[in-house]
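Residue numbers begin at 1 in each chain, while the letters A, B, ... track the order of the sequences.
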There are 2 protein chains.
Amino acid sequence: MKQTKDPFPTIYDVAQASGLSIATISRALNNPEKVSPATRERVMRVIDEIGFVPKADARARALQNTGRIGVVSPFFTAPSFVQRLRGIADGLSSTHYEMVVYPVDSGEHIKHYIQTLPLTRSLDGLIIVSMAVSDDDARRLRDYQIETVLIEFPHPKLNTIEIDDFEGGLMAGQYLIDKGHRQVGFLGVAGLPEFAIHPESRRLAGFRKSLARAGLTLPEAYICNAPYRLELDESVQKLLELAERPTAIFAATDLQAMGLLKIAREKGLCVPEDLAIIGFDDIDFADYVGLTTIRQHMYQSGKLAVELLLSRLKQPDLDVQHLKIQLELVERNTA
Amino acid sequence: MKQTKDPFPTIYDVAQASGLSIATISRALNNPEKVSPATRERVMRVIDEIGFVPKADARARALQNTGRIGVVSPFFTAPSFVQRLRGIADGLSSTHYEMVVYPVDSGEHIKHYIQTLPLTRSLDGLIIVSMAVSDDDARRLRDYQIETVLIEFPHPKLNTIEIDDFEGGLMAGQYLIDKGHRQVGFLGVAGLPEFAIHPESRRLAGFRKSLARAGLTLPEAYICNAPYRLELDESVQKLLELAERPTAIFAATDLQAMGLLKIAREKGLCVPEDLAIIGFDDIDFADYVGLTTIRQHMYQSGKLAVELLLSRLKQPDLDVQHLKIQLELVERNTA
DNA sequence: TGATATCATGAAAGTGCTTTCATGAAAGTT
DNA sequence: AACTTTCATGAAAGCACTTTCATGATATCA
């Protein structure tokens, strides 16, 4: 009667109630084959009776692992990042791992995370999304043997899921050129905090390359940078008000492409006739608005990241891997 | 020299290196005033030297708190839910709490979580979003003294952030009536899994009430249910092809309202002239597409939930609270 | 100067589990 | 019948901290 009242029965209670030792209870739970069937039966019945559930932290302590993997990400609620998060969550859902999300909104934050997370030992693995990791950080992560997978920012010493931003920019440019455009512009990202990475510069580089190959140039006046959100600023207005404005624009992100699309339409421009627009990312809403874009399969990148992480957790001596996500041009109605 | 090589110095290493006992080290860290200034100085110097960081889980175990709060949510990557998540994350960011996300995608899942999370005791608090909680579940959560805040689904015995769906439906209906509409329809949610809650029925009830007050009725033919996503199914097509179709439709969620908007436009209908549309939620993209809607301030609900949770964590004997989020009609271009 | 209060410190218990190692019984072998 | 394996089980150590309680050393008071 005492046991049934106890709100938190421990393994000791189970042992006592069943007349066995805690070692046997533990075995029945974790290595059932090491226990006789009869005993196993008995243990299970008692467990059900008194409602025993192993305490996670005690288990973690003894096991030297925590059953938790951390995800550190900036803008984790931005559409594209959410898709990634979904991939991670799905990848983790079939395992017994929990997902701890560390939103980072300042440079202090990330430094702090990288410095203390490995030390407090409260995580089995770490997925770092779209954040620059210094050699120092990388060394620290390795020294403290916390398995880490980087998404988007590559580091030679760490597992990485890479996006070939250069290639993506090249694809976008080539596509526009093939469509006959000769005056093309670029919409980049402005005002990104210093701790975030800047993939748009590589997208721009690839874009430039494609133009060069076709003997075209990208005039300074055709390059515009705007904040990473739906509401763009006046610099975009100006670009569209140019006497000789571009006939096509490659936006470094879908979010901005959508902002651009809206402004263009407000100005009475027909898309794609007057102005072709191609984005990058393929966020969920891209399909809704019919945005032509370069898909980088965010969901898949997240899922891949956890698969990579899990495989390393199982076999820690595996070589560091650098996977590349396949880019894909999705043709819709804006270009 | 041994200490400096050890990648994970423990409190014992600090004790040995400083010639003090682990008890004193612990005190110097947690109750500095209980230790002589000289000793404190000495301890700190050694800690810095060998790079000691207390292991979080060991600390949690001894302290009986974990520094972690759990968020269980369905569809946690759907636009509206993400906004809520952002509110929760922001609310938590100024604290030392970590956010563990438990995505639920099956009924088994939620039952399982509610039954085991409190028992494994690896969480200080729990925020349950948009999930039905039975009396049994509620009792269990209380018995096992895990502080819980429910969002959207109210329970008398637990803290709740409520949304007045009935009132929202009423507001939507009243607005359409005031605009002169007499033939109004309703777009509800179909195919929601059984573990999710169904706020749309209350939204519908409120909507009906407003119609009744104006002497109007809602014909069966004007009620349509479609999946909770951007791509709606043919039932919506049929509604719009009715000989005498409604002049206005209240969609139970913004996501569906946007789907409806797209279909209407594809059919050549002018919105709002031919068909007025009003949604519910005010997701981020609602502003982009100019959707008139009932805002339920998802972000705020999340933030409020953590504030409520934190205040209860500090003062556990506080009475259970039931907060109501203020709804707000946001007039844009679709109605 | 002897008795008492104050204070910094250390020893040890507690936290709830896993796992190694030892033990004794049953089964198999010759 | 004596001996070796095999197998289920229990005792106990280990995980890395916090905190209570006891102790001995000072400081305080009469």
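At the phosphate of dA11(C), neither OP1 nor OP2 sits under 4.0 Å from any side-chain N or O atom of S21(B). Put simply, S26(B) has no side-chain N or O that comes within less than 4.0 Å of OP1 or OP2 on dC17(D).
In this entry the distance linking CG of N30(B) with C1' of dT20(D) reads 15 Å, nearest Å. The nearest whole Å value for the distance from the CD atom in E33(A) to the P atom in dC7(D) is 12 Å. If you take CG of N31(B) and C1' of dC7(C), they are 15 Å apart, rounded to a whole angstrom. Between the C1' atom of dA12(D) and the CD1 atom of I11(A) lies a distance of 14 Å, rounded to the nearest Å. Whole-Å rounding puts the Q16(A) CD to dG16(C) P distance at 15 Å. K34(B) has its NZ atom 11 Å from the P atom of dC21(D), to the nearest Å. Note: CD1 (I25(A)) to P (dA12(D)) measures 18 Å, nearest angstrom. Nucleotide dC17(C) holds its C1' atom 13 Å from the CD1 atom of I47(A), rounded to whole Å.
For the residue pair D137(B) and S134(B), a side-chain donor N or O sits within less than 3.5 Å of a side-chain acceptor on the partner.
Each of V53(B) and R27(B) was assigned the nucleotide of DNA chain D with the nearest heavy atom; the assignment lying further toward the 5' end belongs to V53(B).
Within the 4.0 angstrom heavy-atom criterion, only backbone atoms of the sugar-phosphate kind lie near S36(A); the bases stay farther away. Within 4.0 Å of I22(A), counting heavy atoms only, lies at least one base atom of the nucleic acid.
Comparing dT18(D), dT9(C), dG16(C) by their closest approach to the side chain of L20(B) singles out dT9(C). Considering only side-chain atoms of K55(B), the nucleotide from dT9(C), dA11(D), dC17(D) that sits closest is dC17(D). In the set dT9(D), dT19(C), dA16(D), dA16(D) carries the atom at the smallest distance from any side-chain atom of T10(B). Distances from the side chain of P54(B) to the nucleotides dG10(C), dG10(D), dC17(D) place dC17(D) closest. In this structure, the nucleotide among dT19(D), dT19(C), dG16(C) sitting nearest to the side chain of A23(B) is dT19(D).
Here the CD atom belonging to E98(B) is positioned 10.5 Å from the CG atom belonging to L123(B), to the nearest 0.5 angstrom.
With salt bridges taken as basic N to acidic carboxylate O contacts below 4.0 Å, none links E147(A) and R142(A). Using a 4.0 Å cut-off between charged side-chain N and carboxylate O, R45(B) and D48(B) make no salt bridge.
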Verdict with supporting geometry, L310(A) and Y97(A), side chain to side chain contact (heavy atoms under 4.5 Å, CB included): CA-CA 10 Å; L310(A) 294 178; Y97(A) 285 100; 3.5 Å; yes

